[in-house]
Amino acid sequence: MASICKEGGEQSGLVFPATTAEQTWPTAVRIILYGIALVYFFVGVAIVADIFMGAIETVTSRRVQRRNKDGQKRTKKFWNDTVATLTLMALGSSAPEIFLSVIDIVKKKFHFGALGPSTIVGSAAFNLLVIIAVCVFIIPSNEIRLIDNRPAFYITAVFSLGAYLWMAFILTYSSPNIVTVWEAVVTAGLLPVLVYVSYKVDRGDADFIIDRVFREKPKEEEEEQRSEEEVAAANAKERAGHNYVKFSCEQLLLRGTDQAKTVEVSVSRTGPLEEASTVNYHTESMTAVAGFDYEEAEGSLEFAPGEQKQTISLEILPRTLWRAECQFLVVLEEPEGGDLEIDPQDDGGDDISILTIVLDPMASKRDAWTAWKKFVDQRIVCFHMISKGFKDWWEQICCVLYCNGSAEEQAEASKADWACHLMALPWKILFSVLPPTTFFGGWVAFYCSLGGIAIITACVSDLAELFGCVLGVPDIVTAVTFVALGTSMPDLFASLSAAKEDPSADASIVNVTGSNSVNVFLGLGVPWTIAAIYWMMTGRTADWEAMYPEIASQVEGAAFVVESKNLGFSVLTFCVVCCVALMLLHLRRKWLGGELGGPVPPKINTFLSFLGLWGGWVALVSWRVMRWTEDLGAEVMMVQGSAAMALFICTCFSVGQMKLFHVREMRRLKLEAEENAGQQPADRA
């Protein structure tokens, strides 16, 4: 069967080529056109993926109120942070790769296609090696970033490495060249296992084990050694010495009126008041709608030395007769100065303090029309939410025409901003028709943008095949280079921003290991399960027997055939470089004090080592796909031996350089300690 780019070819994509006349164009012209189109569609993927992530953030930021064991009403996020990170957030960052794998299976009529799986492996290599390398390098030398949530990192790292080892096992050992139904189902089923294990650890169900692993003494053992009176006295003493900030109450009930009014909310701090301090605040919607029930408020409260109270002004808008009871929140966060902290006993926990504002309905006569509208507004659909949604939608459409999103920002835009704006303008106009996150808690935007990613990814799949075909490059090489690079660029910029702004390395590193796990479990488990079940139920066909004569002679019925020779090699070699990269990150924390940043020599060394691992892996996989045959015995031994030697030298040099720096630093600290100890007797004399 002729290839997709050849004249008279029978294989066609879902969208491209747009016309069969393309197959008669000069090769050089097609290379340029397909390359430019591929890059431009990567821009489209990045824009719609950004919309998708915005919808996910809206969905996962939803708060609910429930009563605890003591009967107190407490406000918490509906989505557990760990579950949200490993499901919706991971789906958001990995959606292009996952859709590419699913589309590749469907496009090839449930036969194996190398583009989707190879993109997932190539994207994993780029994420782990290139993104982390750049994040290590971008942090200033006088700063360091550590992973705070170490259990989450180790769990996702183990599952990430285990996912690719499992993939290598089923491709090369369990059932070579075949993926059975049980293997595909297990692959997809490992995702809920990862989520469950991470959730249990996040809840604290494994604290005893974690404390032992990280050599920390469990709090329970410490408290068992003290009496209840001693514990209570210590807690009271601890609270008395803290500078806490809190609201005067946890809930404020306001009667609805037909007039706008301003409400003053009191915020106070307790404890030592000698120093100035600040705390930020903002409002969040629950069932109330900003701009219709109340005006959004955001700002910062500044406490002068000795000042105990400040107030927040909130504007409550006029109520309608049919508007049901609704709520919104006022949130205190990010206290600074004077050791100011959030009172952990307040609603919200240790990081934020929450005041719930309840807006009561207006007193009105019980006529049928008002009662019906109130019932619909409360039980079916919020009229104010619909009105705000269409208002935001119109503003969204208008804003895409401005450079940087508004007339004010456009006035200060640079030439580079204008160039990027004009290049992306067609995509921005196209995706402005997607509904905003205002509708139904962001779920409408979630599904619509997910559909947009699927459509654009289908175009990327066709263009990647065409581009590789006219270049004469196999799909695997195209996938681990061009496609993996294009689909991972949004993750690179997001990780760079997180590395610079976040005080920890969690958003830069833990998200990479979690995303790499989800890529395999969803991006391969789902389409492979569909294909395996399809061939199990369909049975043999003439086309299947013609495509896989060797497999047909080995099995009864039909099976989902996966050409594992090159894919299995790429997975196995990735597992090797993955182990080396994770080891280097562990040693950076042990010897340098953190995973990101740090002194210049080790930082540059890590940066170059990770980039070298990625470049070497891509070169080795490309050589395997394009050059390897059974007849090239000498070349195979030379290339594989050289790769192993280069990996060994690179690893030893990187580890040795970090160890040398660590030894010098320890020696310097020891000398400083000895000098200080020698100066103390002289000072006393």
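We use all heavy atoms of the structure for the numbers below, so side chains are in, but hydrogens, waters and symmetry mates are not. Keep in mind that what you see is a predicted model, and the values were worked out from it rather than measured.
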Handout entry: Sub-6.0 Å ring centroid separation between Y548 and W544
Key =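 Yes, the ring of Y548 comes within the 6.0 Å limit of the ring of W544, centre to centre.
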Problem - Proximity of F560 and F110 rings by center, below 6.0 Å - result: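 Not under 6.0 Å, so no.
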Answer whether the closest heavy-atom distance between the side chains of [X] and [Y] falls below 4.5 Å.
X: S495; Y: C135; result: yes
X: L572; Y: V576; result: no
X: H586; Y: W591; result: no
X: I105; Y: I530; result: no
X: F112; Y: E563; result: yes
X: F153; Y: L582; result: yes
X: W182; Y: S174; result: yes
X: N516; Y: F159; result: no

Problem - Pairing residues for T513 by the side-chain hydrogen bond (donor to acceptor under 3.5 Å, both in side chains) criterion, not counting sequence neighbours - result: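 Partners of T513 by the side-chain hydrogen bond (donor to acceptor under 3.5 Å, both in side chains) criterion, ordered by chain and then number, come out as T156.
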Taking NZ, NE, NH1 and NH2 as the nitrogens, is one of them in [X] or [Y] under 4.0 Å from a carboxylate oxygen of the other?
X: K107; Y: D462; value: yes
X: R145; Y: E143; value: yes
X: R150; Y: E595; value: no

To the nearest 0.5 Å, what is the distance between [atom1] ([X]) and [atom2] ([Y])?
X: K565; Y: I476; atom1: NZ; atom2: CD1; result: 9.0 Å
X: S497; Y: D502; atom1: OG; atom2: CG; result: 8.0 Å
X: R203; Y: T82; atom1: CZ; atom2: OG1; result: 11.5 Å
X: S508; Y: L496; atom1: OG; atom2: CG; result: 8.0 Å
X: S160; Y: N127; atom1: OG; atom2: CG; result: 9.5 Å
X: F521; Y: I98; atom1: CZ; atom2: CD1; result: 11.5 Å

Practice task
For the pair T187 and W166, evaluate side chain to side chain donor-acceptor pair (under 3.5 Å) and give the outcome as yes or no after the intermediate values.
Solution key: CA-CA 8 Å; T187 303; W166 167 253; 2.8 Å; yes
Exercise for the section: Return the minimal non-hydrogen interatomic distance between I453 and A49, and the atom names on each side. Expected result: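 So the minimum-distance heavy-atom pair works out to CD1-CA, 4.0 Å.
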Exercise for the section: For D491 and S93, test the side chains for any donor-to-acceptor distance below 3.5 angstrom and give the result as yes or no. Expected result: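 No - no donor-acceptor pair under 3.5 Å links their side chains.
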Practice task
State, without any angle test, whether E97 and S123 hold a side-chain donor-acceptor pair at a distance under 3.5 Å.
Solution key: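 A pair is found: one side chain offers a donor N or O, the other an acceptor, under 3.5 Å apart.
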Quick one: does any side-chain atom of [X] pair with a main-chain N or O of [Y] as donor and acceptor, under 3.5 Å?
X: T529; Y: G525; result: yes
X: S449; Y: G452; result: no
X: R588; Y: G598; result: no

Practice task
Assess whether atom CZ of F137 is packed by more than 12 heavy atoms of other residues, nucleotides or ligands within 6.0 Å.
Solution key: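 For F137, atom CZ is not crowded (no more than 12 foreign heavy atoms under 6.0 Å).
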Handout entry: Heavy atoms from other residues, nucleotides or ligands near CZ of F569 exceed 12 (cutoff 6.0 Å)
Key =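 For F569, atom CZ is crowded (more than 12 foreign heavy atoms under 6.0 Å).
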Practice task
Kindly assign one of parallel, tilted or perpendicular to the pair W617 and F574, based on the angle between their ring planes and the thresholds 30° and 60°.
Solution key: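 If you compare the ring of W617 with that of F574, the planes turn out perpendicular.
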Handout entry: Matching residue for R624 among N566, V639, V477 - test: side-chain contact (heavy atoms from CB on, under 4.5 Å)
Key =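 With R624 as partner, N566, V639, V477 yield a single side-chain contact (heavy atoms from CB on, under 4.5 Å), made by N566.
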